[in-house]
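Here is the naming used below: chain letters follow the sequence lines, and residue numbers restart at 1 for every chain.
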There are 2 protein chains.
Amino acid sequence: MRRRSRHREAIQDTLRSAVGPLSATDLHERLADSGIGLATVYRLLNEGLEDGDLVTVGLPGGPKRFEPADKPHHHHFECVACHKVFDVMGCPGGMDRLVPEGFTLEQHEVILSGRCDACA
Amino acid sequence: MRRRSRHREAIQDTLRSAVGPLSATDLHERLADSGIGLATVYRLLNEGLEDGDLVTVGLPGGPKRFEPADKPHHHHFECVACHKVFDVMGCPGGMDRLVPEGFTLEQHEVILSGRCDACA
DNA sequence: AACTATATGATAATGAATTATCATTATCTG
DNA sequence: CAGATAATGATAATTCATTATCATATAGTT
């Protein structure tokens, strides 16, 4: 059975208030003051996945990132300068037209890249 | 100066005739009969990038993939069952509308996932 | 054919992300 | 509060992709 702990809450809170998905390392750094260990970060993230509270976002060339599972449909923007990742709400749509004959579409991801306002 | 070799040609040919981008490992396997070593595959791929003949395609959770640089604008479909990656021609467009105020869009990638015709 | 620089293959080394281990600590329940 | 068990942190271990090393083979030139 799962007990509550300050670390478990901290991970969830941090992900919920972030502007985009975070990696294990991101979280470890942001929560450094709390003294949380990296192993614990990974453990809690994996538990979050098991429990269905979190989902992963895979972006090219980077480590796996995590975000709350209950966010509305959205996509991501990665800054080529600072490498931060931001949620972008909305979706271009029209993915179906791209799917080859005989293929079945289950999911899609749109990844924008460029410069964020701070780096532009 | 760059000499021509059967391996260099083989890599280019294989990438040109593939249905989607290939990883170093993919290429090593496909060219196994030729006796090419993995180090050579990586070497030739990096040279292809330097020479501008190849570009990389990063897909979530997988190794870097390579494709010829002169393909027309397209995106990718990854099969969740066999993990093969296929080019899909065309583009949904309308990415600009997603870009947050103050951000500059340089590139975009659309990644579809589901089942390919063989796995559906 | 001889010569010189590049190409190659086997394998060791590296780097980064993630998982495993284990002794200690904290939480929850009664 | 006491007992049982989950949570934690430090660190070792693992896994996978990629790069470095180096002795040998090969291509291109004379």
Side-chain angles (χ1 to χ4, degrees), chain A residues 1-15 18 20-51 53-67 76 78 82-85 111, chain B residues 1-15 18 20-51 53-67 76 78 82-85 111:
Chain A
M1 168 146 5
R2 201 140 284 171
R3 293 174 185 171
R4 59 189 357 221
S5 74
R6 88 206 136 98
H7 289 329
R8 196 185 302 283
E9 325 252 277
I11 294 276
Q12 298 284 342
D13 290 350
T14 305
L15 286 177
L22 301 178
S23 68
T25 310
D26 290 339
L27 283 160
H28 187 226
E29 284 169 2
R30 294 198 185 202
L31 300 174
D33 291 346
S34 73
I36 191 173
L38 185 55
T40 302
V41 174
Y42 276 104
R43 231 180 274 124
L44 294 176
L45 287 173
N46 284 329
E47 291 174 2
L49 293 177
E50 278 175 36
D51 298 349
D53 297 327
L54 302 179
V55 295
T56 59
V57 181
L59 294 168
K64 210 179 298 178
R65 289 165 176 271
F66 300 80
E67 66 183 11
H76 299 99
E78 177 167 20
C82 67
H83 294 103
K84 266 201 284 244
V85 178
I111 298 160
Chain B
M1 173 155 352
R2 202 141 281 173
R3 293 173 184 170
R4 57 184 3 218
S5 74
R6 87 204 138 96
H7 289 328
R8 197 185 303 283
E9 324 253 278
I11 293 276
Q12 297 285 342
D13 290 351
T14 306
L15 285 177
L22 301 178
S23 68
T25 310
D26 290 339
L27 283 160
H28 188 227
E29 284 168 3
R30 293 197 186 202
L31 300 174
D33 290 347
S34 73
I36 191 174
L38 185 55
T40 302
V41 174
Y42 275 104
R43 233 181 272 124
L44 294 176
L45 287 173
N46 285 329
E47 290 175 2
L49 293 178
E50 278 175 36
D51 298 349
D53 298 327
L54 302 179
V55 294
T56 58
V57 181
L59 295 168
K64 211 181 299 180
R65 290 165 175 272
F66 300 80
E67 65 184 12
H76 300 99
E78 177 167 20
C82 67
H83 294 104
K84 267 201 283 245
V85 177
I111 299 160

**Asked** Yes or no on side-chain hydrogen bond (donor to acceptor under 3.5 Å, both in side chains) for B:Gln12 and B:His7, after CA distance, side-chain angles and deciding distance?
**Response** CA-CA 9 Å; B:Gln12 297 285 342; B:His7 289 328; over 6 Å; no

**Request:** Determine, stepwise, if the pair B:Arg65 / B:Asp26 fulfils side chain to side chain contact (heavy atoms under 4.5 Å, CB included).
**Result:** CA-CA 9 Å; B:Arg65 290 165 175 272; B:Asp26 290 339; 3.4 Å; yes

**Request:** Indicate for each nucleotide in nucleotides 6-18 of chain D, in 5' to 3' sequence, whether protein heavy atoms under 4.0 Å reach the base (B), only the sugar-phosphate (S), or nothing (-).
**Result:** BSBBBB-----SB

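To the nearest angstrom, P of C:dA7 lies 11 Å from CD of B:Glu50. When rounded to the nearest whole Å, the span between CZ of A:Arg65 and P of C:dT18 equals 11 Å. Rounded to whole Å, the distance from CG on A:Leu49 to P on C:dT18 is 11 Å.
Residues A:Leu27 and A:Leu15 are in side-chain contact: their nearest non-hydrogen atoms beyond the backbone lie under 4.5 Å apart.
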Which side-chain N or O atoms in residues 41-48 of chain A pair as donor and acceptor under 3.5 Å with protein atoms at least two apart or in another chain?
| from | atom 1 | to | atom 2 | distance (Å) |
| --- | --- | --- | --- | --- |
| A:Arg43 | NH1 | A:Thr40 | OG1 | 3.4 |
| A:Asn46 | ND2 | A:Tyr42 | O | 3.3 |
| A:Glu47 | OE1 | A:Arg8 | NH1 | 2.4 |
| A:Glu47 | OE1 | A:Arg8 | NH2 | 3.4 |

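Between B:Glu9 and B:Arg4, at least one side-chain N (NZ, or NE/NH1/NH2) sits under 4.0 Å from a carboxylate O, which counts as a salt bridge.
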